[in-house]
There are 2 protein chains.
Amino acid sequence: MQLKKYTDYGLRILMYLGAKEGAQTTDKEQGQLTRIRDICDTFDLSVNHVNKVVHHLGRLNLIETRRGKNGGFLLAKAPGEIRLDFVIRQLEGDEPWIECHNPYCVALPACELNGIVARGKELFYDYLAQFTLNDLLKKQGQLLQIFSTAS
Amino acid sequence: MQLKKYTDYGLRILMYLGAKEGAQTTDKEQGQLTRIRDICDTFDLSVNHVNKVVHHLGRLNLIETRRGKNGGFLLAKAPGEIRLDFVIRQLEGDEPWIECHNPYCVALPACELNGIVARGKELFYDYLAQFTLNDLLKKQGQLLQIFSTAS
DNA sequence: ATTAAAGATGCATTATGGATGTAGGTTATG
DNA sequence: CATAACCTACATCCATAATGCATCTTTAAT
């Protein structure tokens, strides 16, 4: 019962982008785009894994990816528009937390458990829905310093 | 992100015991104790796995186990005393849902995420705390019939 | 055009941990 | 003392997350 590292990495990537882009004064006069390598250097992660997460974030329209020389990626929305429940639900996959089939449970027709757990799961996500990427950037200055020295 | 089958099996075992014992008119005049084999036959599970879950439930003092001939196990408390949050927390293990170490995340000193997820986790368990084994036995009659014919 | 730098993609491999299996030990009944 | 139950410690299997590798496609600079 734990979030996948895959999901975790996705959130770190968003935090990295949010901290960096929040520090840029003008939208147009930004420097180089963030590259996969930048993320890997900062967090000491596998290029291949981050590759896939970045791609996934792109498909979710949370970031915009650009191929080719001087390519990279950046947030596709304002940090306040990126809700944590959405990110986690999508990256994690939204399967039931309890498995009634596989193997099939004979009690299923009379079972109250799956409903209770499903409601609990929704409460978890409802809580996360109160937060956005902005809430992860409260200590933006400190994050920036960490990210700039970590690579 | 899913409960372990181990936990699931534990809840099924408790439901089985609750349904069966709830149907027994007098406490003293009960028949044979429930055995691991009974659970396995009913739910079509592995003896070895159920073995461990039963043992765990015993250590948690949720059931009383008796060794030797005519041994077996039974609920150690009234179903209304067995809270679902406790059962799931114990069987599942109470680790954080997000991993900040292993690999260590450089953002940790300035990260708001782990706290948010931890709060969400507690809300999940708070919700489960409203329910007991009794709530899983609403359809006790139907459960009894299922269990008696499933073996 | 050519080249280099970036992400995209598919497949292979490794690592982790849950799920099972095996073997024997311990306890209680009759 | 034989049997039937749970107890316990391993060992092994297996699903899947995590990671690696190779190649393709796209884009910008030269």
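- Shown for residues 53-62 of chain A: residues whose heavy atoms fall under 4.0 angstrom of DNA chain C, namely A:H55.
- Listed by residue number, the members of residues 2-20 of chain B with any heavy atom below 4.0 angstrom from DNA chain D form an empty set.
- Judged by distance alone, with hydrogens and angles left aside, the side-chain atoms of A:D38 form a donor-acceptor pair with the main-chain N or O of A:R35 at under 3.5 Å.
- Partners of A:E92 by side-chain hydrogen bond (donor to acceptor under 3.5 Å, both in side chains), not counting sequence neighbours, listed by chain and number: A:T7.
- Here C:dT16 presents its P atom at 15 Å from CD of B:E95, a figure rounded to the nearest Å.
- For B:T132, the side-chain hydrogen bond (donor to acceptor under 3.5 Å, both in side chains) criterion is met by no residue, not counting sequence neighbours.
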Go along nucleotides 21-30 of chain C 5' to 3' and tag each nucleotide: B for a protein heavy atom under 4.0 Å from its base, S when only backbone or sugar atoms are that close, - otherwise. BB--BBBBBS

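- Salt bridge status for A:K121 with A:D94: present, with a side-chain N to carboxylate O gap under 4.0 Å.
- First and last contacting nucleotides of DNA chain D toward chain A (any atom under 4.0 angstrom from a heavy atom, 5' to 3' order): D:dA17 to D:dA29.
- For residues 75-87 of chain A, the side-chain hydrogen bond (donor to acceptor under 3.5 Å, both in side chains) pairs, not counting sequence neighbours, are A:R83-A:D85.
- The interatomic distance linking B:I36 (CD1) with C:dT20 (C1') rounds to 14 Å, in whole Å.
- A search for side-chain hydrogen bond (donor to acceptor under 3.5 Å, both in side chains) contacts involving B:T42 returns nothing, not counting sequence neighbours.
- When the side chains of ILVMFWY residues are joined at heavy-atom separations under 4.5 Å, either directly or via intervening members, A:L143 and B:V106 end up in a single hydrophobic cluster.
- Residue pairs satisfying the ring pair (Phe, Tyr, Trp, His ring centres under 6.0 Å) criterion with at least one member in residues 74-94 of chain B, sequence neighbours excluded, are absent.
- For B:D8 and B:K5, the salt-bridge test fails: no basic side-chain N is under 4.0 Å from an acidic carboxylate O.
- Applying the side-chain hydrogen bond (donor to acceptor under 3.5 Å, both in side chains) criterion to B:H56, with sequence neighbours excluded, gives B:Y6.
- Applying the ring pair (Phe, Tyr, Trp, His ring centres under 6.0 Å) test to pairs two or more places apart or on separate chains, those with a residue in residues 130-151 of chain B are B:Y16-B:F147, B:F43-B:F147, B:Y127-B:F131.
- Between A:G72 and A:M1, the residue whose closest nucleotide on DNA chain C is further toward the 5' end is A:G72.
- What separates CD1 of A:I39 from P of C:dA6 is a distance of 14 Å, to the nearest Å.
- When B:T34, B:L14, B:L74, B:I82 are each tested for a side-chain contact (heavy atoms from CB on, under 4.5 Å) with B:I63, only one passes: B:L14.
- Sorted by first then second residue, the side-chain hydrogen bond (donor to acceptor under 3.5 Å, both in side chains) pairs that include residues 95-120 of chain B, not counting sequence neighbours, are A:Q2-B:E99.
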